[in-house]
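So that the names make sense, note that chain A is the first sequence line, chain B the second, and so on, each numbered from 1.
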Amino acid sequence: MARGGGPPRQLRRASASHAPTRAADPLPACGTRSARAYVYARATMPRLSEYLLPTEKQAPADAEAISHRLMVRAGLIRQLGAGMWTWLPAGWRAHQRATQIIREEIDAIGGQEMLMPVLQPSEAWKRSGRYEIEELFKLTDRKGADLVLAMTHEEAVTTHVAAAVRSYRDLPLILYHFQTKERDEPRPRAGVLRTREFVMKDSYTFDRDAAGLEERYQLHVRAYDRIFERSGLRWYRVEADVGMMGGSGAHEYMAPCPAGENEVALAPGYAANVEVASAEPQPVTLPPAPDAPEPVRTPGLTTVPDVASLLGLPEGALLKAFPVIALDEGPTAGSTGERMLLVLVRGDHRVNEIKLANALGHPFRPATAEEIERSLGPAGYIGPVGAPAEVEVLLDAAVAAVAPDGGYVTGANRADTHLRGVVPGRDFAFRTVDVRSVLAGDTVGGAPLEIEPAIEVGNIFKLGTRYSVPLGASYLDENGEQRPIWMGSYGIGPARIVAAAVEQYSDEHGISWPRELAPFAIHLVSIGKPGSAERESAEQLYETLSAGPLDVIYDDRDLGPGEKFADAELLGCPLRVTIGKRSLDSGEAEVQIRRGRAEAPGLPLTAPAAEQLQALEQLWQSLP
RNA sequence: CGGGACGUGGCGCAGCCUGGUAGCGCACUCGGUUUGGGUCCGAGAGGUCGCCGGUUCGAAUCCGGCCGUCCCGACCA
């Protein structure tokens, strides 16, 4: 899991020289002997006086999210338009760190890296049914051909596999790439957290059957767990909605942070997106039930809080009715498969439309006021008692699973009237479904549930034959029979890993990078006039560090110490090494650990370079 | 798509109501000063006031249209 950050050692600069290192210096030879693809010899370690790191004291007025504010202030990113962001040099280094972690771990499970185009013909998208998606950018070339900008690459990769794979002997496959994704998001937000263009690592697996898919899926679980562990994030793997289309399993990787757009439900041993979470409800005390429901006058009171307070009951003692029209035959034109269902949840609960759609197994829409009036009664006063037989009653498990110790209050299907003493089963028939949204304080296995906002940093999804069938990706099995290929797709957004790390670990001074994501390991700060002895000493240490295994950025600018320290803490490299007059007096450079701003043992200035490097490397290994 | 807000040097803001030569802080340039927590002094450079049109002798300011950006919600294969 934990390993040294930065490029492999054998490719680093071989020797240190005390002559100033300039960008024009020739790079050490690299290439054919590279142990790992895509890792090149390290370039000269930058001097801040020559590096584009435009820091700002004040964040842009329209930036709200922590990562948005800090990444702009620290000079990592700049905006070009809504949802369009440029990564500046230091920001791109962090992004590349995330990318490299992902690459190593996907390679480790047998992934084969490739590259597919963003600009694509529209045919496969029309065949897969995704051409209609609003977020899909569509364009026309000069010949009038319809093109799209890919939002993911299922269509492309499946097209290639369909053409290239013939036999069961060609399977399984894990193919992946890092490629730009384009999505016409209705609302980009929070800097780099939700953009219209971003780089995604997407991998795709191809298997002979469901069992093979399960294997490839589990390999990705392992790789993803390692990726997020190495990234240093706080993260959860949660159960996710598989959607309506042929998915048989899905997980999301969530990084809790204030700017998160999702909510995760957490209990010991349990983690789920609230979209699909289930839990035992908090108990509610019901008033005694009479032998039969009794009407109560509730003039003008159509909301749960109003009725509850009139009757002096907790909101949970009411049953909320949610009439929906199930679209049994699917949303096809002229469909006659519409039928009304009455969904009941406890008054203090809310219907979760995703869970409801999953429970129904087909789409639905809320009933219109006219439909409600026709089948049941006036909106605000509807209930299950006396509902027409053709309106099926679905009772949420939070109610159905608990033996009633009294009666509930429901609408009476008459204006200005509710019923009390309603007992499910006695007074109306029902089917049990789990369709409510869980609440903080509900329990899972007796332990209370917490709900946290989180950002989705990755997802893994069993596609099954969702794409292979329409795009004709099949193979011949041992018996010469043609079978569809079973697919999975697996995405990670490196930009979100970077932004989530900023969200999770920043403090009032700025960013505090986890070791493996930091753009530089060491921020070397010199204090003192140019030409002074302390400057000379800093230059020397810079040369030493540049030759070592850790990446360093050297603040050689002619600025006061306050500004340099402030910039260093804003940028957030894990270690800060300072050399000033004080260091010359004590014989040691000061070392500060950014996380917690703790002081580490000083670095002896007269020690041999190898010892200095070793001391820093050792400290580095101990960092989070 | 619904609701709200905002567009004035690189960043943060004032000026607009009540029309009359565009201002402040930071950053930037030059000279000096200072060098272990955003030092101080002086001199400078930099702006089609988002765009188009209208009203007016005169528009950053008033009116209309458009564009852009952000926030909340909806949406998010």
State whether a side-chain donor-acceptor pair under 3.5 Å links A:Arg597 with A:Ser512. no
My understanding is that a pair needs two contacts under 3.5 Å, Watson-Crick or G-U wobble. By that rule, which nucleotide pairs with B:G20? B:C57
Students often get this wrong, so: under 4.0 angstrom with heavy atoms, is A:Thr578 touching a base, only sugar-phosphate, or nothing? base
Heavy atoms only, 4.0 Å cut-off, all strands: where does A:Gly129 land among base, sugar-phosphate and nothing? nothing
How far, in whole Å, is B:A59 from B:C66 if one measures between their P atoms? 23 Å
Pick the P atom in B:C6 and in B:C24, then give their distance to the nearest Å. 25 Å
With the side chain of A:Gln592 defined as its heavy atoms from C-beta on, choose the nearest nucleotide among B:C75, B:G37, B:C11. B:G37
To the nearest Å, give me how far apart CG (A:Leu70) and C1' (B:C11) are. 15 Å
Taking atom C1' of B:A74 as reference, at what distance in whole Å does atom CD of A:Glu261 sit? 13 Å
Report yes if the side chains of A:Leu213 and A:Met487 come closer than 4.5 Å at any heavy-atom pair, otherwise no. no
Taking for A:Pro530 and for A:Met200 the nucleotide of RNA chain B with the nearest heavy atom, the one nearer the 5' end belongs to A:Pro530
Scan A:Arg189 against the nucleic acid and name what it touches under 4.0 Å (heavy atoms): base, sugar-phosphate only, or nothing. sugar-phosphate
Shortest side-chain distance from A:Met151, nucleotide among B:C70, B:G37, B:A77: B:A77
Determine the contact category for A:Ala190: base if any of its heavy atoms lies under 4.0 Å from a base atom, sugar-phosphate if only primed atoms, P, OP1 or OP2 are that close, otherwise nothing. sugar-phosphate
In whole angstrom, what separates A:Ile133's CD1 from B:C75's C1'? 13 Å
For the residue pair A:Asp202 / A:His177, report whether a side-chain donor-acceptor contact shorter than 3.5 Å exists. yes
By the 4.0 Å heavy-atom rule, please label A:Arg576 as base, sugar-phosphate, or nothing. base
What is the nucleic acid contact for A:Ala82, judged by heavy atoms within less than 4.0 Å: base, sugar-phosphate only, or nothing? sugar-phosphate
On the 0 to 90° scale, with breaks at 30° and 60°, tag the A:Trp85-A:His68 ring pair as parallel, tilted or perpendicular. perpendicular
Interatomic distance, A:Asp558 CG vs B:C40 P [rounded to whole Å]: 16 Å
Using purine N1 to pyrimidine N3 plus N6-O4 or O6-N4 for Watson-Crick, or N1-O2 and O6-N3 for G-U wobble, each under 3.5 Å, what pairs with B:C76? none
Which base, if any, makes a Watson-Crick or G-U wobble pair with B:G25, both distances under 3.5 Å? B:C11
Could you give the NE2-to-P distance, from A:His509 to B:G38, as a whole number of Å? 13 Å
Polar pair under 3.5 Å, donor/acceptor by atom type, side chain A:Glu569, base B:G37: yes
Exactly one of A:Glu252, A:Glu261, A:Glu503 clears salt bridge (Lys or Arg N to Asp or Glu O under 4.0 Å) with A:Arg496, and that residue is A:Glu261
Could you tell me the separation between the NZ atom of A:Lys57 and the C1' atom of B:A27, rounded to a whole number of Å? 8 Å
Could you work out the separation of B:U18 and B:U56 based on their C1' atoms and round it to a whole Å? 16 Å
Side-chain donor-acceptor pair present, A:Thr205, A:Tyr490, cut-off under 3.5 Å: yes
Quick check for you: among B:A77, B:G12, B:U34, whose closest atom lies nearest to any side-chain atom of A:Tyr467? B:A77
Look at all strands and tell whether A:Ala59 reaches a base, only sugar-phosphate, or nothing, counting heavy atoms closer than 4.0 Å. sugar-phosphate
Using heavy atoms to find the nearest nucleotide of RNA chain B for A:Gly83 and A:Asn262 separately, return the residue whose nucleotide is more 5′. A:Gly83
Which whole number of Å gives the distance between the C1' atom of B:A22 and that of B:G46? 13 Å
Will you find, in the side chains of A:Tyr204 and A:Arg216, an N or O donor that is under 3.5 Å from an N or O acceptor? no
P-based separation of B:C62 from B:G15 [nearest Å]: 12 Å
Round to the nearest Å and state the distance from A:Glu64 atom CD to B:C71 atom P. 6 Å
Paired with B:A5: which nucleotide, if any, by Watson-Crick or G-U wobble criteria at under 3.5 Å for both distances? B:U69
Need one value for A:Pro186: base, sugar-phosphate or nothing, where a base atom within 4.0 Å counts as base even if backbone is also close, heavy atoms only. base
For the side chain of A:Glu563, counting heavy atoms from C-beta on, which of B:A27, B:U34, B:C13 is nearest? B:A27
Reckon A:Arg187 has a side-chain N or O less than 4.0 Å from the OP1 or OP2 of B:C72? yes
So A:Thr152, base contact, sugar-phosphate only, or nothing? Heavy-atom distance under 4.0 Å. base
Under a 3.5 Å limit for both distances, which nucleotide forms a Watson-Crick or G-U wobble pair with B:U35, could you say? none
Please give the distance between the P atoms of B:U61 and B:A45 as a whole number of Å. 27 Å
Classify A:Leu559 by what it touches in the nucleic acid, base, sugar-phosphate, or nothing, heavy-atom distance under 4.0 Å. base
Taking B:C11 as the reference, what is the distance to B:C51 when you measure between their P atoms (whole Å, please)? 16 Å
Counting the atoms with a prime plus P, OP1 and OP2 as sugar-phosphate, which does A:Gln79 contact under 4.0 Å by heavy atoms, base, sugar-phosphate, or nothing? sugar-phosphate
For nucleotides B:G20 and B:A5, find the distance between their P atoms and express it as a whole number of Å. 26 Å
Atom pair distance, as rounded to whole Å: CZ in A:Arg196 and P in B:A77: 18 Å
Run the salt-bridge test on A:Lys320 and A:Asp348 with the 4.0 Å N-O cut-off and return the result as yes or no. no
